[in-house]
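Counting starts at 1 for both ligands and their atoms, in listed order. Index from 1, following the sequence. For clarity, every value in this text was computed on a predicted model and none was experimentally measured.
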Amino acid sequence: MKCLNCGNQITNNLKIKEIFLFKEIIPDYICNLCRSQLAPLSGRNNCPRCFKANANGICSDCRMWEEKYQVINCHQALFEYNQFIHSYFKLYKRYGDVLMAKLFFQDIKSWSQRNHFDVVTYIPASKSHLQARGFDPVYELYADIFDLKQLLTKVDADKPQAQKNRLERLSTPQTFCALPELNQIQKNQSILILDDIYTTGRTLMHAHDIFFRANFKKIYTFSLSR
Ligand SMILES: [Zn+2]
Ligand SMILES: [Zn+2]
C-alpha cells in the first residue's frame with residue numbers, strides 16, 4: 001500500500017497481538033516518514049476539558065467557557081496543529097483532495113475502539129461550502145469509522161472561519177440549527193460531536209449548546225487536530 005500523502009510504500013509490520021489474538025487489522029494509509037512529522041497530543045499534561053497540551057490543569061479558555069456559558073468542555077483530540085497538519089488540511093479542504101480523508105484512518109479507528117458513545121454526530125459543512133467543494137470534509141473524515149447521524153445544519157456565515165481572527169471567531173453567533181431527527185434521540189444517551197480542527201473551541205461550543213439546550217446530559221466532542 002502507498003502513503004496517501006507522499007506516495008511512499010507502506011510496510012505494514014503486523015504486531016504480535018494482531019497475529020496471535022486475531023485482532024482486527026486496521027489498515028494504515030500514512031507512511032512512517034509522514035507519521036514522524038505528527039505531534040500526538042495524548043499524555044502531554046493536557047487540559048482535562050479541551051485537551052490543550054502543556055496546560056497543567058484547566059486552561060484559561062475553558063475557565064472562561066465555564067464562567068460565561070456554564071458549559072463543561074469534554075474534548076479529546078489526536079494531533080497538535082502543526083505544519084504537517086496545516087499542509088494536510090490545505091490539500092484536503094482547500095484543494096479538495098477527498099482521498100486524503102483516509103490518511104488518519106488507523107489513528108481515528110483505534111481511538112473509536114477505545115471510546116464508546118451511544119450516538120455520534122458531526123459538524124456539517126454549510127450548503128454553499130458543500131456545493132463549492134463537492135464533499136463534506138468532516139463527514140468524509142469519519143464516515144467509514146462511526147455510524148454518523150446528521151443532527152445539525154450549518155447556516156451560511158458572513159465569512160469563513162479560516163479568514164477570521166481569534167477575536168472574531170470567539171464572538172461569532174450561533175451558526176447551527178437542530179434537525180428534527182434530534183428529537184428522536186433519548187436524552188440520557190451519550191452524544192459525541194466530531195469536528196476536524198479545534199482552534200478556539202467556538203464551533204464545537206455552539207454545537208454543544210444545541211444539545212445542552214435540548215437537555216442532553218452526556219455531551220462529548222472530538223477533533224483530529226487541536
Ligand atoms: Zn508518506
Ligand atoms: Zn482547556
Side-chain angles (χ1 to χ4, degrees), residues 1-14 25-95 97-111 115 123 140-141 161 166-167 169-172 192-209 211-212 218-226:
M1 200 160 347
K2 283 191 167 138
C3 173
L4 289 178
N5 189 54
C6 71
N8 271 342
Q9 197 65 37
I10 300 173
T11 40
N12 259 325
N13 293 321
L14 286 184
I25 295 159
I26 309 170
D28 206 1
Y29 299 98
I30 183 168
C31 74
N32 287 338
L33 192 68
C34 289
R35 185 173 284 287
S36 70
Q37 295 170 65
L38 290 166
L41 279 168
S42 170
R44 286 175 53 190
N45 234 328
N46 309 78
C47 166
R49 302 273 201 265
C50 71
F51 227 63
K52 182 183 190 160
N54 313 314
N56 292 314
I58 301 172
C59 76
S60 52
D61 277 357
C62 287
R63 281 182 209 280
M64 187 197 73
W65 293 129
E66 280 177 50
E67 271 171 38
K68 224 173 152 184
Y69 302 100
Q70 287 78 50
V71 166
I72 308 280
N73 232 341
C74 228
H75 187 76
Q76 282 191 58
L78 291 181
F79 302 112
E80 189 173 358
Y81 191 86
N82 62 7
Q83 190 54 50
F84 185 87
I85 295 283
H86 177 81
S87 309
Y88 166 75
F89 278 111
K90 202 160 135 187
L91 262 176
Y92 179 46
K93 288 172 84 171
R94 201 184 301 167
Y95 299 130
D97 185 353
V98 68
L99 293 176
M100 292 291 273
K102 272 188 179 288
L103 191 69
F104 299 105
F105 181 84
Q106 190 177 73
D107 306 276
I108 303 169
K109 179 85 181 171
S110 306
W111 186 87
N115 298 273
I123 298 293
E140 294 297 334
L141 200 57
Q161 284 286 322
R166 189 179 155 80
L167 211 67
R169 281 176 185 227
L170 284 170
S171 58
T172 311
L192 175 67
I193 315 168
L194 302 166
D195 201 0
D196 49 5
I197 308 164
Y198 183 114
T199 311
T200 61
R202 171 52 95 182
T203 303
L204 278 169
M205 198 61 66
H206 278 320
H208 188 289
D209 199 48
F211 290 95
F212 187 71
K218 293 176 269 182
I219 310 163
Y220 304 86
T221 59
F222 175 84
S223 60
L224 175 71
S225 181
R226 201 254 178 268

Trainee: For K52, is there an ion pair with D61 - N to carboxylate O distance below 4.0 angstrom?
Mentor: no
Trainee: Mark yes when over 12 heavy atoms from residues, nucleotides or ligands other than F84 sit less than 6.0 Å from its CZ; otherwise mark no.
Mentor: yes
Trainee: For the metal site, I want the angle between atom SG of C6 and atom SG of C34 with the Zn ion (ligand 1) at the apex, to 10°.
Mentor: 110°
Trainee: If I take the Zn ion (ligand 2) as the centre, what angle separates the SG atom of C62 from the SG atom of C59? Nearest 10 degrees is fine.
Mentor: 110°
Trainee: When you measure from the side chain of Q76 to the backbone of T221, do you find a donor-acceptor pair of N or O atoms at a distance under 3.5 Å?
Mentor: no
Trainee: Do you see an N/O/S atom of C47, backbone or side chain, under 2.8 Å from the Zn ion (ligand 2)?
Mentor: yes
Trainee: Mind checking whether F104 and F79 have ring centres under 6.0 Å apart?
Mentor: yes
